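All remarks here apply to the structure that follows.
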2 protein chains.
Amino acid sequence: MKSKIEALPDWRSSCPLSSALDLFGDKWSLLIVRDLAMHGPRTYSQFLAADEKISTNILASKLKVLEEFGLIEHLNPDASSRGNPYKLTEIGAELAPVGLAFREWALKHLGDIHPQMTHLPIAIK
Amino acid sequence: MKSKIEALPDWRSSCPLSSALDLFGDKWSLLIVRDLAMHGPRTYSQFLAADEKISTNILASKLKVLEEFGLIEHLNPDASSRGNPYKLTEIGAELAPVGLAFREWALKHLGDIHPQMTHLPIAIK
DNA sequence: CCGCATCCGTTACGATACTG
DNA sequence: CAGTATCGTAACGGATGCGG
């Protein structure tokens, strides 16, 4: 019984895509998933060190909803948060195709308006 | 020479996923692409009639950036906007895998917290 | 220190009324 | 019909504080 969801979104419609966007239609959630998919388990501080420079309150709130909806969880569920990295659940890992599709599209079509873009998904820190 | 981009995003990083989210990391852009992918060319009023009930100012602003970045264009480029539907460009159409990946994930994992969700991508209007 | 929470200014969103 | 203008609300983002 891991579902302790505080507030469900106000679903805009019955469309699956729309519903996914009700949950992850922001600029940060998929980047958190990306970091976990690329690096494996990752702590709060490590997320903060990513190139995109998320601020602490935003990170905390995004981690909370991702955890509420079962996409991420602490590596050691019984330990305290300190130094206890997050990891992807199986459900969270299955978001990978979304990120990869975005990535493919961006690499193919964003190069001319964003020359610094690299094929590397993220710099290793 | 179709690139008349007013304001490029402040790219947060060189990561392709991050860059895609800089452009489309919101709750509406992909739904506009969805409507065009499902229904073909579609007018302003038809977008407004979708289940998600986007408001007029948001729709106008999203259409503008999608057009600026070459994802959509008017069906008849030389005519006025009135009754002139938007259609996907080839670049825009290539966002389809992103929407489909989101859709697959949602259908697989969102059913229990969103029972009304249907396998239909969108109601035909 | 590390993982947040709080405060607060700024920006984006959203409903509605309105215009050509 | 295809958008703007307006204005209230919610989300974001930086700085800072605080408990463990």
Side-chain angles (χ1 to χ4, degrees), chain A residues 4 6-13 18 21-32 35-36 39 41-68 72-87 125, chain B residues 6-13 18 21-32 35-36 39 41-69 72-87 125:
Chain A
K4 40 185 175 183
E6 290 179 5
L8 284 134
D10 297 345
W11 307 110
R12 289 174 293 175
S13 77
S18 165
L21 293 173
D22 286 336
L23 277 175
F24 311 117
D26 65 78
K27 298 189 189 305
W28 292 111
S29 300
L30 284 178
L31 293 186
I32 293 173
D35 283 4
L36 292 171
H39 298 298
R42 206 146 179 79
T43 68
Y44 188 92
S45 323
Q46 289 176 308
F47 287 119
L48 285 179
D51 281 348
E52 290 86 8
K53 302 300 169 209
I54 190 172
S55 58
T56 62
N57 50 351
I58 306 294
L59 176 59
S61 70
K62 297 301 176 187
L63 287 173
K64 181 181 290 184
V65 322
L66 289 174
E67 192 175 21
E68 276 180 17
I72 65 176
E73 60 192 5
H74 279 291
L75 192 57
N76 187 340
D78 301 325
S80 85
S81 283
R82 272 193 61 96
N84 192 353
Y86 290 92
K87 71 181 201 66
K125 285 280 170 56
Chain B
E6 290 180 4
L8 284 133
D10 298 345
W11 307 109
R12 288 174 292 175
S13 77
S18 166
L21 293 173
D22 286 336
L23 277 175
F24 312 116
D26 65 76
K27 298 188 190 303
W28 293 111
S29 300
L30 284 179
L31 294 186
I32 293 173
D35 283 4
L36 293 171
H39 299 296
R42 206 147 178 79
T43 67
Y44 188 92
S45 323
Q46 290 176 307
F47 287 120
L48 287 179
D51 281 347
E52 290 86 8
K53 301 302 169 206
I54 192 172
S55 59
T56 60
N57 53 350
I58 306 294
L59 176 59
S61 71
K62 297 301 175 187
L63 288 173
K64 180 181 290 182
V65 321
L66 290 174
E67 191 175 21
E68 275 180 17
F69 288 97
I72 65 175
E73 59 192 8
H74 280 288
L75 193 57
N76 186 340
D78 301 326
S80 84
S81 283
R82 278 191 59 94
N84 191 353
Y86 291 91
K87 72 181 200 65
K125 286 279 171 55

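Note that these values count all heavy atoms, side chains included, but never hydrogens, waters or copies made by symmetry. Being a predicted model, the structure only gives us computed values, none of them experimental.
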Original post:
Can you tell me if the side-chain N/O atoms of A/Ser81 get under 4.0 Å from OP1 or OP2 in C/dC2?
Top reply: no

Original post:
Just to confirm, is there a sub-4.0 Å distance from OP1 or OP2 of C/dC4 to any side-chain nitrogen or oxygen of A/Tyr86?
Top reply: yes

Original post:
Hey, does A/Ser80 reach any base, or is it just sugar-phosphate, or nothing, if we go heavy atoms under 4.0 Å?
Top reply: nothing

Subject >> Listed partners of A/Trp28 passing ring pair (Phe, Tyr, Trp, His ring centres under 6.0 Å), at least two apart >> reply: none

Original post:
By side chain to side chain contact (heavy atoms under 4.5 Å, CB included), which residues pair with B/Thr56, not counting sequence neighbours?
Top reply: B/Tyr44, B/Leu48

Subject >> Whole-Å gap separating C1' (C/dC2) and CG (A/Asn84) >> reply: 12 Å

Original post:
What pairs with A/Phe24 under ring pair (Phe, Tyr, Trp, His ring centres under 6.0 Å), at least two apart in sequence or on another chain?
Top reply: B/Trp105

Original post:
When every nucleotide of nucleotides 9-20 of chain C is labelled 5' to 3' by its protein contacts under 4.0 Å (heavy atoms), B for base, S for sugar-phosphate only, - for none, what sequence of letters results?
Top reply: ----SBBBB--B

Original post:
Excluding sequence neighbours, so at least two apart, what forms side chain to side chain donor-acceptor pair (under 3.5 Å) with B/Ser29?
Top reply: B/Asp26

**OP:** Whole angstrom is fine here: how far is it from CZ in B/Phe47 over to P in D/dC1?
**Re:** 15 Å

Subject >> Partner set under side chain to side chain contact (heavy atoms under 4.5 Å, CB included) for A/Asn76, not counting sequence neighbours >> reply: A/Asp78, A/Ala79, A/Asn84

Subject >> Whole angstrom value for the distance that separates P of C/dC2 from CG of A/Leu75 >> reply: 18 Å

